[in-house]
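Residue numbering restarts at 1 for every chain, and letters A, B, ... go by the order of the sequence lines.
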Amino acid sequence: MTVTVLMVAEKPILAESIAKILSNGKLQSRKGFNGACSVHEYSDNFLGKPARFKVTSTCGHVFGLDFPPKYNNWDRVDPVDLFSCATEKKEANPKLKMEKYLSTEAKGCDYLVLWLDCDKEGENICFEVIDCVQNSMNRGASMDVVFRAHFSAIADKEIKAAMKNLIKPNLNESLSVDARQELDLRVGCAFTRYQTRYFQDKYGDLDSTCISFGPCQTPTLSFCVKRHDQIVEFTPEPYWILQTTIDTPSGKTIKLDWSRERIFDRDVANVFLSRITGCSAVKLTSITSKESRKEKPTALNTVELLRVCSSSLGIGPAQAMQVAEHLYTHGYISYPRTETTAYPSSFDFNFVLKQLKNGQFDTVSQQIMNDGIQKPKSGEDKGDHPPITPMKENSGHLSGDQLRVYDYVTRHFLATIMKPCKYMVSTFKFTASTEVFTLQSRKVIDPGFTAVMTWQQVNEDESFSDFKEGAEYNIQKSQLDERKTSPPDYLTESELITLMERYGIGTDASIPVHIQNISARNYVTVESGRRLIPTKLGIALIHGYRKIDPELILPTMRSEIETLLNLIASGKQKHSTVTSHALEMFRQKFKFFVLNVAKIDALFEDSFTSLADSGKPFCRCGKCKRFMKLVQARPQRLYCPTCQETLTLPTGKDGSVRLHGEHKCPLDNFDLLYWAASGGKLSDSWSFCPFCYNNPPFEDMKKGSGCNNCTHPTCKHGMM
DNA sequence: GCAAGGTC
């Protein structure tokens, strides 16, 4: 009897590769009903029985974590409740109908083999897949019929070995991901909602539709602000260098480098100057030559691609990933999300070189094949995907950013299998009195990989071949130059990526998102040279957190959470113990933040225009201190944001609003109370305070007098 | 509307 085995990978491309390898290329493929995934079928044996294999995939996580709908009303939910309220799993991408798709494909299957990526996220997706298929498999999805393939690379040998050594999915690793999701959700949303509401409509020039906080984005912003602070706090220090010029044999004038480089004490510098002023010439005491080399790069992974795109091509990380995805889906480059910088042992360099034969790299790839492929640098195999390499030549269809990224990927690939760049450095040592000066010249012996990575070329300096050892050369001029130390420049995107990688903030796939976030939320702007300059808002926030609780912005915050989560993954602590401990810790931090938030207010007051100077109507009831909202066109209608009931205020014959309106909300335990200014005629634009509903006549607002008789007891809920 | 992590 033939059994049916369902095998599930993390992405469509992997399902295809695995099926091709295990079926030795004999497979039938069809598109799945969700349009994104495919099913690849073949026959073989499984557990000693003849078997039909169906290989398909998810597209990353099937589910994501969120709050139940009733907790998504920012006006009705106290953010502190987000630390303890219920959470629920929702389909990560409803368009893909992934749950339905997997359960449909699982119908009639006897066994499940999980081929998800071999990291904690992959382990978590294993259990998401099990959830999806357990009701439609022949005998459910108990651990007797569920297996996990553990592979360290997507290569023939590894995949076949994994199939022969199936294990079970790791529940603890999956639970550690559940814990991360819960922590990130509760902490991020609680802080974000609270501070958004707190700062909203309080300052004249603050655009505050969303003031977010997150365990990755906030430390990311903090790096940018830290550099800003270093620049602002920098005090330039004067220093002195001894500038000495000599006459060369060929009659030119040349500047020598002083071996003491620079001196920070003027008197000391003057002592050295006085030693030289007595000399009319320097003596060339030695000429030494040494071969030097510039090493070629290791194979390309995602983070390095992002760095180069930003620093050399001026393409931001999010845009770079989008371009790389396009190049990948159109067959120009290999899978662009990988941490691996080592080529698999089976990598066919000749095949790739032949693919490039008819394009602009024809000559160089031909030459590499003739000269022999040089062994690439060792790099690191993270077991995900091979490094990013070109897959075919540019047939002339690429242009703009696509062409530039493709061009870089190709040059990087070629460079990894070329020779290092070798050059000769000649050092000329001159002495005069006690002082030593040098000159250096470089001469390229073999350009090696810099023939394709032209921006890395060694600059050949002027040749000093007419200098003779032992000869003396006239000093033309010797003087002290006063200079000042200068502050560092703003952080570049590429430096930020390096810092994030070093501190484990975000992943190769999420780093671009975090950087995009801090820009979209108006915390930084991207300036020339893709330098990240923090805005007033970004600076005030980070300085504020630093005043209240510096741990909130520590670069190590993320990795410390990871350390806690790893206790779950390694089985040393229970999921519930770690989660409740970490949540309680952040709940305390949150409460402390709320108690001390006025410290940030003080910074905002320094950075932004006050209400009074803004020229916009604001509430003067004495408690709200916020802008009033302007209601256009239908001023006489109000509605309750809790139960959505609308209320039309009665108007007199002359169109003026005379009466107080009252609304008893059946869904909430307090009543909304409205009143209109007596006798005030409502114009088309009419303002009210979203916190206490204070709504003086518009005419009065324009005069700036406001209304001072607000008595509303709750000052809590907003109205539209 | 909010986080961060997968992936299309």
Side-chain angles (χ1 to χ4, degrees), chain A residues 9-15 31-32 34-38 57-67 69 71-75 77 79 82-83 85 87 89 91-98 101 116-129 174 176-198 200 208-220 302 321-322 324-326 328-330 335-338 384-385 500 504-518 520-521 557-558 561-562 565 586 590 718:
Chain A
E10 194 161 315
K11 39 197 165 271
I13 177 208
L14 261 184
K31 203 88 187 150
N34 68 4
C37 306
S38 294
S57 72
T58 67
C59 290
H61 275 288
V62 183
F63 301 108
L65 197 66
D66 202 353
F67 299 114
Y71 286 99
N72 283 333
N73 183 330
W74 290 33
D75 293 313
V77 177
L82 298 179
F83 284 94
C85 71
T87 57
K89 295 239 176 197
E91 272 210 78
N93 187 345
K95 278 189 202 151
L96 292 180
K97 298 189 174 67
M98 196 54 78
Y101 169 71
L116 291 121
D117 289 0
C118 295
D119 52 26
K120 287 189 286 184
E121 297 294 333
E123 224 58 47
N124 188 264
I125 304 175
C126 282
F127 288 90
E128 295 182 349
V129 171
S174 169
S176 81
V177 171
D178 285 340
R180 180 195 54 72
Q181 291 177 335
E182 191 180 335
L183 271 168
D184 288 345
L185 178 73
R186 293 187 188 280
V187 176
C189 295
F191 274 91
T192 299
R193 286 188 197 180
Y194 177 79
Q195 65 182 21
T196 299
R197 276 290 185 256
Y198 184 81
Q200 217 162 37
S208 55
T209 42
C210 175
I211 303 182
S212 57
F213 173 93
C216 287
Q217 58 174 267
T218 304
T220 301
T302 307
M321 278 322 288
Q322 213 180 332
E325 288 279 355
H326 181 274
Y328 157 66
T329 50
H330 289 77
Y335 191 73
R337 276 195 294 268
T338 179
D384 46 1
H385 291 267
M500 293 175 76
I505 295 168
T507 64
D508 53 355
S510 70
I511 282 174
V513 181
H514 299 313
I515 298 179
Q516 200 177 33
N517 257 341
I518 60 170
R521 298 275 154 74
M557 175 172 74
R558 189 61 178 171
I561 296 174
E562 292 284 344
L565 296 171
F586 276 105
F590 177 77

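Without hydrogens or angle criteria, A/Thr302 side chain to A/Pro336 main chain gives a donor-acceptor distance under 3.5 Å.
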Exercise for review: Using a 4.0 Å cut-off on protein heavy atoms (strictly under), produce a 5'-to-3' string for nucleotides 1-6 of chain B with B for base contact, S for backbone-only sugar-phosphate contact, and - for none.
Suggested key: BBBBBB

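Listed by first then second residue, pairs satisfying salt bridge (charged side-chain N to carboxylate O under 4.0 Å, His left out) with a partner in residues 58-67 of chain A read A/Asp66-A/Lys90, not counting sequence neighbours.
When the side chain to side chain contact (heavy atoms under 4.5 Å, CB included) test is applied to A/Thr87, the partners found at least two apart in sequence or on another chain are A/Leu65, A/Phe67, A/Leu185, A/Arg186.
In this structure, A/Phe83 has its ring center no closer than 6.0 Å to that of A/Phe586.
Using a 4.0 Å heavy-atom cutoff across all strands shown, A/Pro12 reaches sugar-phosphate atoms only and no base atom.
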Exercise for review: Check the pair A/Asp75, A/Arg197 against salt bridge (charged side-chain N to carboxylate O under 4.0 Å, His left out), reporting the backbone distance first and the verdict last.
Suggested key: CA-CA 9 Å; A/Asp75 293 313; A/Arg197 276 290 185 256; 2.9 Å; yes

